[in-house]
Amino acid sequence: MSIASMTGFARVCNSCLLTDKNINWVWEIKSVNGKSLDVKTRLPLGYDNLSLELKSTAAKYISRGNVSVCLEINTAEDRKKFRIDTELLEDLAKTALKLDEQYKGHLAPTSAAQLLGLKGVIELEDNTLSEDEHVELEQKILADFDKLCQNLSTERQLEGQKIQLALEQILDKIADVVEQIEKQAQGLPLLLKDKLSEQLKQLQATDISEERIAQEMVLLVTRADIREEIDRLKAHIKAVRILLQADEAVGRRLDFFCQELNREANTTCSKSTTLEITSLGMELKALIEQFREQVQNIE
């Protein structure tokens, strides 16, 4: 399993012949982003009992996402069939003719429609499935649902490959910006030395004690030191690269690292003492946000 997207769609159509009934069905499944797995089903009347099994099957292939499942079933014999009792009809017709002959036109003539409308002449055939046929049909459509989930999983993984490529490209840019910040940070000691020397001259002209001056100098150096932030950024980037190659769902953990990367980027910007580092820090934050937006689509 590679990185999978949380969005996808799949459709499976099939049919079978049960006794003299041709049954057709269509499965459709759609998934979009979600914090956890949420499967909603829309099933024909009489098939609601499948809902729990469908959710259990879906969970074998999908770990995150809002999933919508729809099943449609119909038979080629949806039109009602009927059977005519010809023997009964003939007996009734003969009886009507005898009565007409007997009463010599005193009775109103009997039409074919009247004879067909008599109880028992026409009977509608029952097109509903027997209990055994219903069980057999359920087994067949459940087998197709498993195929449907496999197809959706494949679709999500194909989409996930595209997202993974985009994430790796953005991560390379993030690593490049961090490297530029690190190079800029290497020149900070000299800049700080000059800045401190200038401030020291100004402070010595005041009545501030030597101890207070030393404290201010330590505070300035500490606030400007971004080596720890750079080290943590590089460590997070390394961890993210490993996750991108993981054979499991990593969306939640990648989202966590996005938060950590953004935290270090914010700290780097707040500690910055040069326009160059501030500019690079803002670029870094923009790249991390792009990365986070892509991560939201990952299972």
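Computed from a predicted structure; not experimentally measured. The chain is numbered in sequence order, starting from 1.
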Any salt bridge (charged side-chain N to carboxylate O under 4.0 Å, His left out) involving [range]? Give me the pairs, sequence neighbours left out, ordered by first then second residue.
range: residues 137-158; answer: Asp144-Lys147, Arg156-Glu299
range: residues 106-118; answer: none
range: residues 45-58; answer: none
range: residues 259-269; answer: Arg232-Glu264, Glu260-Arg263

Legend entry - Pairing residues for Phe257 by the ring pair (Phe, Tyr, Trp, His ring centres under 6.0 Å) criterion, not counting sequence neighbours: His236
Inset, instruction - Using ring pair (Phe, Tyr, Trp, His ring centres under 6.0 Å) as the criterion, list what pairs up with Tyr47, not counting sequence neighbours. - result: His134
List the atom pairs, donor and acceptor, that lie under 3.5 Å between side-chain atoms in residues 171-179 and the rest of the protein, sequence neighbours left out.
unit_1	atom_1	unit_2	atom_2	d
Asp172	OD1	Arg241	NH1	3.1
Asp172	OD1	Arg241	NH2	3.0
Asp176	OD2	Gln180	NE2	2.9

Partner set under side-chain hydrogen bond (donor to acceptor under 3.5 Å, both in side chains) for [X], not counting sequence neighbours:
X: Thr154; value: none
X: Thr268; value: none
X: Thr41; value: Ser51

Legend entry - Qualifying side chain to side chain donor-acceptor pair (under 3.5 Å) pairs with a residue from residues 86-98, counting only residues at least two apart or across chains: none
Which pairs would a plain distance check flag for residues 285-298, meaning a side-chain donor or acceptor within less than 3.5 Å of a matching protein atom at least two apart in sequence or in another chain?
unit_1	atom_1	unit_2	atom_2	d
Lys285	NZ	Asn266	OD1	2.4
Glu289	OE1	Arg292	NE	3.2
Glu289	OE2	Arg292	NE	3.4
Glu289	OE2	Arg292	NH2	2.8
Gln296	NE2	Asp255	OD1	2.9
Gln296	NE2	Arg292	O	3.3
Asn297	OD1	Asn33	ND2	2.9

